[in-house]
Amino acid sequence: MNRYLAIVPAYNEVGAIAATITEIRTAAPGFDVLVIDDGSTDATAATASAAGARVVRLPFNVGIGGAVQTGYIYAREHGYEVAVQVDGDGQHDAHDIPRLLEALHAEPGTHLVTGSRFLGPPGGDRSSAARRVGIAVFARVVSLLTRQQVTDPTSGFRMTDRRGIELFAQEYATDYPEVEAIVLAHNYALHTHEIAVQMRPRTSGSSRISTSVSAYYLVKVLLAVLVSALRARPLLEPGPLGKTARP
Amino acid sequence: MSSVGAILLVVRASSTTTTLQRVAVIAIAVLVFALVFELVRRRALLERYALLWLLASLALVLLAVWKGLLTHLARDLDIYTPVNALFAAGFVFVVVLLLHFSLVISRLSEQSKTLAQRLALLDDRIEQPSELAAEPDARRSSAAQQRTRAAGER
């Protein structure tokens with residue numbers, strides 16, 4: 001068993017899951033691959049299992065946040081030191097995982113590293129124009145709240161250490177969790193960092209954020225982020241290091 | 001249900017009601033009371049929610065029996081027609097009830113999410129127990145976390 005875990009949330013991703021797992025296993029051999037099957041109705045779980053991943057099956061669809069959190073709980077209980085989230089649809093390039101790990105260890109005190117589409121030279125899939133506007137709004141709000149530059153708060157390609165694992169195992173938004181997780185990490189005094197990555201257009205399935213729900217998405221996440229900023233600072237940091245979050 | 005009574009009261013838009021109307025309102029309130037009681041008896045309705053409806057039907061009986069209570073209340077609140085006081089009270093009651101149900105639903109979804117996660121993880125442990133023996137610590141700390149969480153929700 002490795003000390004590092006790749007959490008792959010998947011919902012009806014039978015077309016892309018095997019390639020995603022194989023890529024992680026070749027590009028980042030130090031990582032155990034855990035697929036969280038979020039109540040898929042197709043053969044996602046069996047395909048993932050055959051491709052060499054450990055598969056945890058949720059009894060019904062709980063949403064991306066609940067699925068990813070299941071992975072963090074697993075990581076906490078099995079004592080993993082580092083966890084990386086990789087989408088099951090093939091958008092994230094597993095060859096970036098070693099770079100994420102490098103960035104996580106490069107600066108002591110960095111607890112969360114996100115792969116950003118918008119850092120670095122243009123390239124790869126950067127989502128549609130309409131979505132980029134939404135992402136820019138989030139980036140602005142999150143940058144203000146966390147007092148540091150955040151370029152891609154909606155990226156689900158991120159790596160965290162034991163502190164982040166403990167935090168997310170305990171608290172994680174159920175739907176559209178990525179933006180909130182960055183603010184949450186900031187509220188618990190975990191330092192976050194971004195590195196440039198390129199993403200690919202998804203190879204199968206469909207995005208969970210259709211145009212019709214994107215307005216709801218925007219409002220819901222903004223509300224959640226603002227509320228979490230107004231929430232009282234937690235007294236304790238999660239995890240074994242447990243000390244006060246703010247002096 | 002209180003609005004059904006209100007509709008009966010509004011039949012005559014004066015501050016006094018006929019005996020027939022009062023009997024009708026009392027009958028409806030008693031029916032509601034009996035229905036709620038029966039639902040609890042069949043374990044279809046939890047006592048804590050039943051209490052609310054029982055109190056509402058009691059309030060309706062009180063208003064029907066006690067002539068002038070509604071008229072006085074309305075006058076004290078500067079509401080011209082007593083029935084409007086009834087509508088306002090019924091509306092507030094329903095809104096508070098809906099908010100309460102939203103809270104209950106939120107808690108239930110949170111709990112069902114946690115249950116789904118626990119179930120999935122336990123399933124995984126049962127199917128592949130080999131790694132379990134190596135991590136007695138993890139199990140203990142997870143149980144402790146659960147207890148802390150449960151205690152925190154009180």
Side-chain angles (χ1 to χ4, degrees), chain A residues 1-3 5 7 9-11 32 34-40 45-46 48-49 53-81 162 165-175 177 224 234-236 238-240 242, chain B residues 43-46 48-49 91-154:
Chain A
M1 199 181 106
N2 290 304
R3 296 175 304 145
L5 181 71
I7 299 169
Y11 174 61
D32 286 345
L34 175 72
V35 169
I36 311 291
D37 175 28
D38 192 7
S40 295
S49 213
R54 188 158 180 140
V55 181
V56 165
R57 302 189 65 168
L58 289 162
F60 49 82
N61 185 272
V62 299
I64 178 75
V68 168
Q69 190 183 32
T70 309
Y72 282 117
I73 297 172
Y74 182 95
R76 180 185 71 192
E77 293 181 358
H78 291 258
Y80 284 99
E81 284 170 23
R162 193 69 201 165
I165 291 171
E166 299 271 353
L167 174 60
F168 295 147
Q170 201 175 302
E171 194 175 337
Y172 207 68
T174 309
D175 48 355
L235 286 175
L236 290 174
Chain B
R43 299 180 206 283
L45 186 62
L46 284 178
R48 74 170 104 153
Y49 297 113
F91 187 69
V92 169
F93 174 72
V94 168
V95 165
V96 170
L97 200 64
L98 286 178
L99 184 65
H100 172 71
F101 286 153
S102 300
L103 284 176
V104 173
I105 292 168
S106 303
R107 196 177 65 221
L108 287 175
S109 0
E110 189 63 31
Q111 288 172 339
S112 79
K113 184 194 80 179
T114 309
L115 281 176
Q117 291 175 330
R118 287 312 325 164
L119 179 70
L121 292 168
L122 287 173
D123 222 18
D124 171 74
R125 281 180 188 273
I126 291 167
E127 275 171 26
Q128 308 185 46
S130 51
E131 290 177 26
L132 202 63
E135 306 147 61
D137 280 7
R139 277 173 93 193
R140 213 181 311 125
S141 77
S142 131
Q145 295 254 8
Q146 290 293 316
R147 274 198 299 279
T148 330
R149 187 185 274 193
E153 275 175 17
R154 297 278 136 72

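First the proteins, then the strands, lettered A, B, ... as listed; each starts at 1.
Taking CG of B:Asp124 as the start and OG1 of A:Thr70 as the end, the distance is 11.0 Å to the nearest 0.5 Å. Annotation: the span from B:Arg125 atom CZ to A:Tyr74 atom OH amounts to 8.5 Å, rounded to 0.5 Å. Between atom OH of residue A:Tyr72 and atom CD of residue B:Gln117 there is a gap of 13.0 Å, rounded to the nearest 0.5 Å.
Residues that satisfy the side-chain hydrogen bond (donor to acceptor under 3.5 Å, both in side chains) test with B:Asp123, not counting sequence neighbours, are absent from this structure. For A:Thr174, the side-chain hydrogen bond (donor to acceptor under 3.5 Å, both in side chains) criterion is met by no residue, not counting sequence neighbours.
Of the listed residues (A:Ile36, A:Leu58, A:Ile73), just one forms a side-chain contact (heavy atoms from CB on, under 4.5 Å) with B:Leu121, and that residue is A:Ile73.
Applying the 6.0 Å contact sphere to CZ of B:Phe91 captures no more than 12 heavy atoms from other residues, nucleotides or ligands.
Taking each heavy atom of B:Ala116 and A:Pro59 in turn, the nearest pair found is O-CD, 3.5 Å. In terms of heavy atoms, B:Ala120 sits closest to A:Arg57 at CB-O, 3.1 Å.
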